[in-house]
Amino acid sequence: MDCRQGKLRLQKWYVPLSDKEKKKITRELVQTVLARKPKMCSFLEWRDLKIVYKRYASLYFCCAIEDQDNELITLEIIHRYVELLDKYFGSVCELDIIFNFEKAYFILDEFLLGGEAQETSKKNVLKAIEQADLLQEVRPALTGKAVIIIINILAYFHFIFLHK
């Protein structure tokens with residue numbers, strides 16, 4: 001994901017490449033996509049890949065896919081990710097991504113696994129994100145003796161169920 005100024009905000013690689021190669025590819029793609037006119041098609045061929053991109057306000061979402069992959073499905077995946085970000089942040093903007101990049105990556109990881117959509121239901125993805133947020137809120141409160149008490153209670157119930 002990059003913005004109109006060409007600054008990369010998020011990137012997720014599903015193939016192993018050196019940092020030098022990633023930077024070179026990123027620089028080339030950002031220049032190529034930003035140079036295109038707004039009315040042009042959101043698909044382009046680059047090297048042996050197809051680039052699918054979509055602009056939302058000042059943010060560009062780009063995916064590089066293999067030749068046999070479907071561009072329209074990829075465009076739908078981009079749109080679904082933006083919808084998830086919108087639902088979570090309430091009309092996502094570049095600052096949301098900058099200051100909450102961990103959450104943007106987490107949402108992406110809940111949605112995609114190894115570059116493939118693992119969950120197509122927005123409702124299920126948002127539910128998983130909400131549960132993770134609740135877990136983060138509960139963790140700091142569970143320190144010291146509280147953790148030991150909870151572990152002991154769980155061990156006690158585990159023991160009771162095993163011996164019935």
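Judged purely by atom type and a 3.5 angstrom limit, K50 uses its side chain to pair as donor or acceptor with the backbone of D69. The backbone N or O of A57 sits less than 3.5 Å from a side-chain atom of R55, completing a donor-acceptor pair. E119 contributes a side-chain N or O that, together with a main-chain N or O of S121, makes up a donor-acceptor pair within less than 3.5 Å.
Residues passing the side-chain contact (heavy atoms from CB on, under 4.5 Å) test with K87 are L126, sequence neighbours excluded. Checked against salt bridge (Lys or Arg N to Asp or Glu O under 4.0 Å), E83 has the following partners two or more places apart in sequence or in another chain: R80, K122.
With a 4.5 Å cut-off between side-chain heavy atoms of Ile, Leu, Val, Met, Phe, Trp and Tyr, the cluster of M40 takes in none. Using a 4.5 Å cut-off between side-chain heavy atoms of Ile, Leu, Val, Met, Phe, Trp and Tyr, F99 falls into a hydrophobic cluster with L95, I98.
Considering every non-hydrogen atom in both Q11 and T26, the closest pair reads OE1-OG1, 4.0 Å. Shown here for I25 and L17, the closest heavy-atom pair between the two residues is CD1-CD1, 3.7 Å. Closest heavy-atom contact between L10 and I97: CG-CG2, 3.8 Å. The two residues Y53 and C41 have their closest heavy-atom pair at OH-O, 3.2 Å.
When the shell of 6.0 Å around CZ of F101 is examined, it contains 12 or fewer heavy atoms from other residues, nucleotides or ligands.
Hydrophobic clustering of Ile, Leu, Val, Met, Phe, Trp and Tyr side chains at less than 4.5 Å, counting indirect connections, keeps L113 apart from L84. Note on V82 and I73: same hydrophobic cluster, where clusters join Ile, Leu, Val, Met, Phe, Trp and Tyr whose side-chain heavy atoms are under 4.5 Å apart, directly or indirectly.
Considering CD of E71 and CD of E45, their distance stands at 8.5 Å, rounded to 0.5 Å. Put simply, CZ on R27 and OG1 on T32 are 11.5 Å apart, with the number rounded to the nearest 0.5 Å. Here CD1 of I51 is found 6.0 Å from CH2 of W46. Values are rounded to the nearest 0.5 Å. Residue I107 holds its CD1 atom at 6.0 Å from OH of Y81, rounded to the nearest 0.5 Å. Note: D67 CG to L49 CG = 9.0 Å, rounded to the nearest 0.5 Å. For the atom pair Y14 OH and C63 SG, the distance stands at 8.5 Å (nearest 0.5 Å).
Annotation: side chain of H79 is not in contact with side chain of K54 (no heavy-atom distance under 4.5 Å). Proximity of F61 to L85: side-chain heavy atoms (C-beta onward) are separated by under 4.5 Å at one or more points. Using a 4.5 Å heavy-atom threshold, the side chains of T120 and F111 count as separate. E66 places a side-chain heavy atom less than 4.5 Å from the side chain of Q68.
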- Verdict with supporting geometry, I78 and V52, side chain to side chain contact (heavy atoms under 4.5 Å, CB included): CA-CA 9 Å; I78 291 171; V52 179; 4.1 Å; yes

_Evaluate L75 against F43 for side chain to side chain contact (heavy atoms under 4.5 Å, CB included), listing each step before the verdict._
CA-CA 9 Å; L75 201 56; F43 314 130; 4.1 Å; yes

For this session: With side chain to side chain contact (heavy atoms under 4.5 Å, CB included) as the test, would you mind laying out the steps for Y88 and V125 before giving the verdict?
Result: CA-CA 10 Å; Y88 185 81; V125 172; over 6 Å; no

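Applying the salt bridge (charged side-chain N to carboxylate O under 4.0 Å, His left out) test to pairs two or more places apart or on separate chains, those with a residue in residues 96-112 are K12-D109, K103-D133. Residue pairs meeting the salt bridge (charged side-chain N to carboxylate O under 4.0 Å, His left out) criterion with at least one partner in residues 16-25, sequence neighbours excluded, are E21-R47.
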